[in-house]
Each structure stands twice: as structure tokens, then as C-alpha cells.
Number of protein chains: 2
Amino acid sequence: MAISERKKKILSAVIEAYISTAEPVGSKTIAETAGLGCSSATIRNELAELVAMGYLEQPHTSAGRVPTPMGYRLYVNELMEKQRLSLEESEEINARLNDRMHELYDTIGDVSKLASQLTDYPAIALTTRSVVTIQRFDLIYVDANTFIIVVMLSNNTVKNKLVRLPVSVDQRMMQRLSSTFNANFTGITEDKITPVLINSTERAVDDTMGLTSVIAAFALEVLTEAETPSSFVAGENMLLNQPEFRDPDKAHRLMRYLSAGGNILPPGMPAADSDEVRVLIGPENVAEELKDSSVVIASYDAGDNMRGLIGVVGPTRMDYSAVAAKLSFLAAGLSKRLGGGEAPPEGMHNKLIIKGDNR
Amino acid sequence: MAISERKKKILSAVIEAYISTAEPVGSKTIAETAGLGCSSATIRNELAELVAMGYLEQPHTSAGRVPTPMGYRLYVNELMEKQRLSLEESEEINARLNDRMHELYDTIGDVSKLASQLTDYPAIALTTRSVVTIQRFDLIYVDANTFIIVVMLSNNTVKNKLVRLPVSVDQRMMQRLSSTFNANFTGITEDKITPVLINSTERAVDDTMGLTSVIAAFALEVLTEAETPSSFVAGENMLLNQPEFRDPDKAHRLMRYLSAGGNILPPGMPAADSDEVRVLIGPENVAEELKDSSVVIASYDAGDNMRGLIGVVGPTRMDYSAVAAKLSFLAAGLSKRLGGGEAPPEGMHNKLIIKGDNR
DNA sequence: TATTAGCACTCGAAGGGCGAGAGTGCCAAC
DNA sequence: GTTGGCACTCTCGCCCTTCGAGTGCTAATA
């Protein structure tokens, strides 16, 4: 059965009312607010059909209607007005982004905090898996027992480590180590750093003090760390604002899942690569803990061919429109600042594509 | 009125029972469990006096007794058995500490996570304020438009930054910059880096491209960051385990306070410098949000003349003994691994001094 | 004098019944 | 297809009662 225009309007009205009040919505409320020229009795008939079609449900016989995940899905895909941020809102986000732009926003912790503060929901930021190699080694001689390893990676980050030695080492040796590592260890992926390679390098530089393995271990550690996706959660406590999490056990379960770095992305879903915002509603989530919550995810260009993800978690009764708009704008702002590519023109934030798990 | 031995035993019994059940404790329970050879009627008399003395209180006329903050204070100061960790427990902590010793435990985030997981309460880790100077600069030439600044600080950490230039620069210039910065910017505190100094340096190296100010800005940023105390909270959701935080609003208030980096240390209290564990009970806390919670704080030697703090937050009905023992052991373990000084002998964790806010 | 048994009393928690109100479903009229 | 009307249903909040844990007091006891 096709869904009529009026039904769509009514469904939207129910969802919007429910989003703001968290109470089941009655026919009278809709007749008054939705502004279709018809009475509550008509609305009741329509509501009954929407229930039959699976877009709404009733907690019990004589309560108002509540949207089902299917209802939310239709709303998100077709009905929802793609909200644009007010000027104040977008200016605030920009201000916050610029404010600390020094160098902070490469820590995903700050990204998630920002997202959480903007949306008033818990937020998770994560980095995607990527392949990284070392581009160059430098060894800085500090004193006979101390040197600094500086390593520049293919993603244009630089890592260092201060090494203190029980024995003394001369600058010539350091020179040798440095050029050999630059010859043998650059441009290769983590799995190419094998004991065999380390041994042959050790012999090549005539190292009897184990310096080679110290440096190689650092290289390995740095690559591993750079390749491992990491995640960061902020604002978990925002959950407690939501009436659906007034049950401390329920809140606790979800918070624990989030803090434990629980995955938000469904396994099949590619780590988004465009400027779209994805919405996962209730049971569409794979994790058991998220089955009655919703997730909104945006991705941004984190520079150096990497993409970052920001996700926001909330009850299914979430203000999808506002959250999606904010996340989208935030992601665009981050892309602009962190991304290597050309900056999107100002006002770009008006483009907002929302995509989900259609079925 | 002096408090008799038997009263002390009864008080301990009440507190311990209350700690484990969170229910007001009745005279009968004590008569049965405490193992003093007397009946519940006698206990009742004693309890009535303990109430009069202010160590206990009754939620209402016909309920059991609940400890007051004053009761907890006496318990923590005098009565509590200084708990030693079981072999398994101390081995577990050691294992966890060794497990990731690679280089993780310089991020205080990991310290707080560990403390939280060990105690099952939210934990905060913080660094103390300290004075840091730069020890040496190195500039690594990558290509004509790129170089890396490497800065070694007096606390033996090394920071770096990759700089991309719109103009090209030659190695001679870099050489000049490097030696001038090493001459002018090392060994000085943050406040000595003034526009005047930067200007004179700029002239000295004949820099028309603003490289001087880029490097100086980085120096300033690094010093500021190194000197600013930072804090990190983990395991906020553990609060929801506690029956006293079943009220979501109450839990939310405290969690918000903690996540916002709310201070746990009373202003007067020195940032502890010995191996003692401090306990702040309920109203002894200065922050309004902590007035009905308790805080246990330990400090550890973070190396390079810095001390770190780990604090655990919970209801006043907290297992002080267990938490204090765990924190103390954890702090000792961290000191041993991070601290510059001599490692304390194994088995050290048997020393456990608890100090609080006596009045 | 300290301890104990006994007993009446108090108070909160849990459970049942009741009325109010919101909202529905259905029907007959338009 | 729409509407007003009306009986019906179900939850929520309220009050009342009951139940039991725990007390305080008193009188008897060591």
C-alpha cells in the first residue's frame, strides 16, 4: 500500500512531537499542531492505518502513538526537513574549530568532545585503519649516552623517542645507523620489518650494543600505533539527560559498551568516504547494546589520505535532523582544516546528504 | 566522652556491614556477626550512644544505623584494618603495569583507566604544575619547503612539529636558526619568551620569512602545554553501579563535574609528595558536587621531578581499605617504573600510610 | 552496675483498590 | 471521505492497609 501525502505529514508530526516530548502522541495533539484541515477523528483513522503499516505503534491500547524504527527510517530518508544550521550555530562551530586550531584537532579526543558538546549526546571519534610507512629516520646525538630517534611517517606525522644508553656511543656510529636505517627501513610496511632484516642491518652497521634493535623496535611500535584504529568517547554522561535512560542499568550498559571502545560501525559498512551523514536506527545496529539506540555518523578528511569518523549515539527518539546537520557541518569544517585537498567554499554546509541503511 | 574499645568494635562492624550491603545496619546483625559476646539489647544501648556521639545516625526512628562522615573519619584514621593486597591482586596490578609498559604510561589517560578498572570506581589522573624549560633545539631539513622542529625539554620529553613553508629555505639558514635558538631560547622559562626576544632573534638571524616566529610559537606552545596541569577521567560509568547513584540526576551531576575536569584536590592541600594515601570523606570535600561522595588520592613519582596524582571517587560508603591499598600499590608501581629515583624494594606495598583531614 | 529478655511502638516498603484522565475505536450522520 | 459523539480501555497517581524490621524502654538478672 502506498503511503499518501497526508499520512506522511501525520507521521512527520508524530515523530517531531515525540522527539521533543518523549511522550506518546495523541490524535488531538496532531490535529491541533500539524495544521492539516481535519479533525482528530480523521487523524485517528489515519493513525490506525499507520500502525497497521508498521510505521507507528501503541505502547498500550489507550495511549498515543510512538514511531517504530521503520517509521523513523522513512522519516529520515524522505520526510525529514534537511535542517540548515542557523547562522549563530554555524558561527559557533566555526569559532570553536578556529579557537584551538593550534594543533589540537589531530587528537581525536578533542573532536569527540566537540561533537558531544555540540549535540548534547555522547560522541565517539575514530580513526580508520590505514597503511603507513616510514619516510625518513634522523638520529640526534645529545650526549655520549643519549640520543633522540626522530621518525617521519608517510602520513606526515613525526614521532620521536629519547633513548638513554647504559654504554656510550660515538657520533660516527650514529651516522652509520642513520644512513643504514634510511636505506633499509623506509618505504616498507610494518610486516616487512622482520628479525631477518634487523639482524642483517645489525651486521651491516657492525652494532654490538643492540642499538639496531632499539631503533627497529621503535619503528615497529610507531608503525603499529599509526596503523591501529583508535577511538575516543566523550560526553557519555549526556545519556543521563535522556528520559529513555532514566533506568540506571540501561544507561550503564550502553555507557560501558561505549567506554570499552565498542564499535559503532556495522562491519559491512565502508568507512564512509564522502560527505554524507549516515543514520542507523535502533535494530539496524549490529551491536546488541545499540539495538534500541540510534547512531549518526559523519566522516571527514583528516589529511594525508586518512579519514576520520565522528559518531553520535542517542535514543531512537533522537533529533536526527539537528544532529545530522551539526555533524555534517562539523565534519566539513574539520575536512577543510585538516584535509589536504582544496577547501570547500564557505557556505558549503548547505549541502547535506543523509544516507542510511535502506531496506 | 572517650570511646570505649567495644564501641570501636561496634562502629567498625556497622561500617563494614554498611559498606558491603548499603542498607542500614540493625543491632541484631551486629550481635550475630561482630562476635562480641553480648546480645542485641546491649548493642542497642551502645548504638544509641554512638548516635549521641555523632558517629552514627538513623535515617528514621525505626531503621538501622548508618555511619556519619565523622564515623567514617574515625574508621579510616584508627579502626580500619590496613588491608594488604592478596598475592593475586598485586600480581595482577604488576602484570597490567608491565603489560603495556612500552611507552603508554606517560599518558595519564591510561593511568586513570587502570585505576578505575582496579577499583571499580571512577578515577581521575592528574599531573601537577611544574616548571619546564627547553634544553635543546634541532631543526631537521626535509626538503626546501619542509623542516621538522625537534625540541627537548628539561623534563626529558621530546616534542616535534612538521613545518611546511610557502617559500623555500636553505640549509644554511636552518643552521643559523638552530644555533641561535639554542643560544637564546634554552634554559629559559615560558614567561621569558617575549616579543622583544623574538624580534631580536629575528634580526640576529636575518630572517625575513617569519621562520623565527614559527619556531618561537612552537616553543611557547610546547612549554605551555608541558606546564599546564592536565587531568583525565575514566570509568565515570562505574558510578551507576552504586545504589547511592541510582538517581540519574544525582549521578549526572557528579559525572558532569568530573568530566568537566572538576578539581578533586582541596585548594589548601599540597599536591601530596609522599607515599601516603589521602582520604576525603563527604563534606570534607570543598566542591559542592563532592559533598556527599568520598575521594581517595594517591601520588606517584612521574619522573623528571614531577609527581602525578591518581584519585578515585565513590560514595561515602566506599571500601576505603581496599581502594586505599590498591591505589597505594598502583602508585608505588608507577613510581618504580616512571620515577627517576631508586626503585623501592619488592614487597614495598606493605607500607600503607593513610592520612586525611583530621579535625 | 552492666547485661539481658521481653514487649509495645514506630516507621517505611509493598501491595491492593479506586478514581481521574487521556486516548482510542467504532458508529451514525453529514 | 470526514466528523462529532460516546462508550471503553488502560495507565498513573493516590490513599489505605498490612507487614516486618528495628527500635526504646522496663524490669529482671548476674
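Proteins get letters first, then strands, A, B, ... in listed order; numbering begins at 1 in each. Hydrogens, waters and symmetry mates are skipped; everything else that's a heavy atom, side chains included, is used.
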ring-ring contact (aromatic ring centres under 6.0 Å, His included) partners of Y72(B), counting only residues at least two apart
Y320(B)
Pairwise side-chain contact, L74(A) with I3(A), heavy-atom cut-off 4.5 Å (strictly under)
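Yes, their side chains come closer than 4.5 Å.
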Go along nucleotides 20-26 of chain C 5' to 3' and tag each nucleotide: B for a protein heavy atom under 4.0 Å from its base, S when only backbone or sugar atoms are that close, - otherwise.
--BSBBB
Could you go through the salt bridge (Lys or Arg N to Asp or Glu O under 4.0 Å) check for R246(A) and D249(B) one step at a time?
CA-CA 9 Å; R246(A) 292 210 71 79; D249(B) 293 325; 3.3 Å; yes
Check whether S293(A) reaches the backbone of P315(A) with its side chain - one donor and one acceptor, N or O, closer than 3.5 Å.
no
Extract, from 5' to 3' on DNA chain D, the first and final nucleotides lying under 4.0 angstrom from some heavy atom of chain A.
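On DNA chain D, the outermost contacted nucleotides are dT2(D) to dT11(D).
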Pairs flagged by ring-ring contact (aromatic ring centres under 6.0 Å, His included) wherever residues 17-66 of chain B is involved - sequence neighbours left out:
none
Pairing residues for N45(A) by the side-chain hydrogen bond (donor to acceptor under 3.5 Å, both in side chains) criterion, not counting sequence neighbours
none
Measure from CZ on R6(B) to C1' on dA2(C) and round the result to the nearest Å.
8 Å
Rounded to the nearest 0.5 Å, what separates atom CG in L254(B) from atom CG in L290(B)?
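If I round to the nearest 0.5 Å, the distance is 6.0 Å.
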Between S40(B) and H60(B), just flag the one whose closest nucleotide in DNA chain C comes earlier from the 5' side.
S40(B)
Is the number of heavy atoms from other residues, nucleotides or ligands within 6.0 Å of NZ (K8(B)) greater than 12?
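Check passes, neighbour count above 12.
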Where is the tightest heavy-atom contact between S27(A) and S40(A), given as atom of each residue plus distance?
CB-O, 3.7 Å
Salt bridge (Lys or Arg N to Asp or Glu O under 4.0 Å) between E289(B) and R253(B): does it pass, once the steps are laid out?
CA-CA 7 Å; E289(B) 289 85 348; R253(B) 265 196 302 280; over 6 Å; no
Can you list, in residue-number order, the parts of residues 9-20 of chain B that come under 4.0 Å of DNA chain D, counting heavy atoms only?
none
